[in-house]
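Whatever order the structure lists them in is the order used to number ligands and atoms, beginning at 1. Side chains included, hydrogens not; waters and symmetry mates left out as well; all remaining heavy atoms used.
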Amino acid sequence: MKKEKIILTGDRPTGKLHIGHYVGSLKRRVELQNSGEFDKIFIMIADAQALTDNVDNPEKVRQNIIEVALDYLACGIDPTKSTIFIQSQIAELCELSFYYMNLVSVSRLQRNPTVKTEIQMRNFESSIPVGFFTYPISQAADITAFKATTVPVGEDQKPMLEQTNEIVRRFNHIYGETLIEPEILLPDNAACLRLPGTDGKAKMSKSLGNCIYLSESADELQKKIKSMYTDPDHLRVQDPGKIEGNTVFTYLDAFCRPEHFERYLDEYPCLEELKAHYQRGGLGDMKVKKFLGAIMEEELGPIREKRKEFEKDIPAIYEMLKKGCEVAREAAADTLADVRRSMKINYFEDAELIAEQAKRFQE
Ligand code: TRP
């Protein structure tokens, strides 16, 4: 049998999705979905993982389920092609995590760079919740439960995929070939690997207040672009400016395509020429920001409009999610059955075992 190509990926519902999610993963997912190359696609709203560092804020997680679902649909995730579901509704994932926990050492978890940074960011140093500390294991359960071969995510998720593959190899080594090793699929454009915040800080994050959301209004979008961080030493238009670390140019690297020049800035043939002029001096920040504003409106405008359409029938979206959970649960249950069999804890479906034991006691 040909190996199925399966995608699993997801996001924590801690806020609306922003353009970092979009260029880092979301846009790619839609392309992959529409390529027709995949047999199954699972997109998970990782509420249980969100609760690992939001224990005391269940309402936030609850409110954002629908926001994330709306963002998915607005971007073009199509529930007839992809299964959108909610992590907490798939109890099988907990059971898998419980078994995988025996395959990972505490020191290995401590070395996970993403977890390390998150511990610092959340001031967890003195008291790390066990659930949070072990979320990479639960993420391995998410991925393997769906027999995912491909996981399209942002660069920050690389350590999770490495950890997953270690778990898969260890499991298969001990219990026999059961789980599938997934491949990470990173954005191919370097600027999209980690889009900085509008303030130039390395990461776009809600807590830093430096996000541009997918659902941003047209006005708010332009306002945020106008106040973006550029080169702090580029004081007068005639001064030479720096491109490196200049957020406006990083965003252009992520969003600009050749045809945008014809449409919005035809005195330049391409991005390289625009950059060269900025570096030479004589090109003002405002002009570059206006160009970026036009490009981003072209990309985000249709998403915003589509979102408004979906917002008109919220109960239908919950219904779609519920169906997605049913499909996902079935897939995860299949894998769990394989895992139980391999781990020899499938006592009651193993007639041979019962016969063998009966015989042993008769002798
Ligand atoms: N860790 C991911 C994030 O923070 C969310 C996530 C949970 C995920 N489980 C996953 C992503 C499995 C990919 C695969 O956004």
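- F85 and F146 have tilted rings, their planes meeting at an angle from 30° to 60° on a 0 to 90° scale.
- Checking D11 against Y72 by side-chain atom types alone, a donor-acceptor pair falls below 3.5 Å.
- Ligand 1 is surrounded by L8, T9, G10, D11, R12, M44, A46, Q49, Q139, D142, I143, V151, V153, Q157, each with at least one heavy atom closer than 4.0 Å.
- Taking the centre of each ring, Y175 and Y99 stay at or above the 6.0 Å mark.
- Under the side chain to side chain contact (heavy atoms under 4.5 Å, CB included) criterion, T150 pairs with I7, F38, L185, not counting sequence neighbours.
- The side-chain hydrogen bond (donor to acceptor under 3.5 Å, both in side chains) check on D231 picks up nothing, with sequence neighbours excluded.
- Not counting sequence neighbours, the partners of K224 by the side-chain hydrogen bond (donor to acceptor under 3.5 Å, both in side chains) test are E216.
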